[in-house]
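What follows is a single structure, written as structure tokens, with notes after it.
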Amino acid sequence: MTYPGGGPDGTTPFPHQRSEYDSSPGFAVPGYGAPQADPTQYQYGAGPIPEQPLVVIGDITCTQNFVITPSGTCPISGTQWTVTDMSVSTERMSQTGLVLAIVGFFMVCFLSMLFLLMKERSTTGYIQVTVRGAGGFLHVTNIPAFSPVAMGDVSGRVNYARTLAAMA
């Protein structure tokens, strides 16, 4: 995964920035007597993210100025966002209610029939989020929907990303 950096296309990762409290391999924590190695030979990995992530939608991360995805990084200004609900919610009679109604029929006749009113709701499927950016940038992610409120949550996140794109 790349972060916004100093390259010509904004995707070159930042180099590791040394700190006096850095305890990664090759660096010693001050005051503990560990040998101080030359930090220039340990320049691996990406440095800290220069901007705070503001919203995460599946595997899409949005900052103030960038959209970061596994497909790459692009500026957030001018991006187009699409949300498609591909989930299905079903309601059926509960198995527990059926068993309780049959067992209770022999004890409390008509009152046990109220157990047949018990319903079981389930939601399956995905919510698809597509982001398109300048230069042919395209990324699609599918977010599993386990409840009917998942669509509202994802829609709210995408609307916030649209707001960030409009403000950039």
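In this structure, V131 is a member of the same hydrophobic cluster as I76, with clusters built from ILVMFWY side-chain heavy atoms closer than 4.5 Å. Placement of I68 and I57 in two distinct hydrophobic clusters is found when ILVMFWY residues are connected by side-chain heavy-atom separations under 4.5 Å, directly or transitively. Under a hydrophobic-cluster definition in which Ile, Leu, Val, Met, Phe, Trp and Tyr are linked whenever side-chain heavy atoms come within less than 4.5 Å, directly or via other members, F66 and W81 are assigned to different clusters.
Considering CG of N142 and CE of M86, their distance stands at 5.0 Å, rounded to 0.5 Å. Of the inter-residue distances, the one linking H139 atom NE2 with T69 atom OG1 reads 5.0 Å to the nearest 0.5 angstrom.
Residues V56 and R157 approach most closely at O-NH1, 2.8 Å, considering heavy atoms. Counting all heavy atoms, side chain and backbone alike, P53 lies closest to T61 at CB-CG2, 3.6 Å. A pairwise comparison of heavy atoms in G97 and M118 identifies CA-SD, 3.7 Å as the closest pair. Across all their heavy atoms, A161 and V55 have their closest contact at CB-CG1, 4.4 Å. The shortest heavy-atom contact between F137 and C74 is CD2-SG, 3.5 Å.
A donor and an acceptor atom, one from each side chain of S89 and T123, are located under 3.5 Å apart.
With sequence neighbours excluded, the residues that form a salt bridge (charged side-chain N to carboxylate O under 4.0 Å, His left out) with R121 are E91. Legend: residues meeting salt bridge (charged side-chain N to carboxylate O under 4.0 Å, His left out) with D85, ordered by chain and number and at least two apart, are absent. Legend: residues meeting side-chain hydrogen bond (donor to acceptor under 3.5 Å, both in side chains) with T82, ordered by chain and number and at least two apart, are absent. Scanning for side chain to side chain contact (heavy atoms under 4.5 Å, CB included) contacts around L54 gives Q64, Y160, L164, with sequence neighbours left out. In this view, S77 satisfies the side-chain hydrogen bond (donor to acceptor under 3.5 Å, both in side chains) rule with no residue, not counting sequence neighbours. With sequence neighbours excluded, the residues that form a side chain to side chain contact (heavy atoms under 4.5 Å, CB included) with E120 are R92, S94.
Using a 4.5 Å heavy-atom cutoff, the side chains of V129 and I143 are in contact.
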message: Between T141 and Q128, is the side chain to side chain contact (heavy atoms under 4.5 Å, CB included) condition met? List the steps.
response: CA-CA 6 Å; T141 186; Q128 185 179 54; over 6 Å; no
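Applying the 6.0 Å contact sphere to CZ of R162 captures more than 12 heavy atoms from other residues, nucleotides or ligands.
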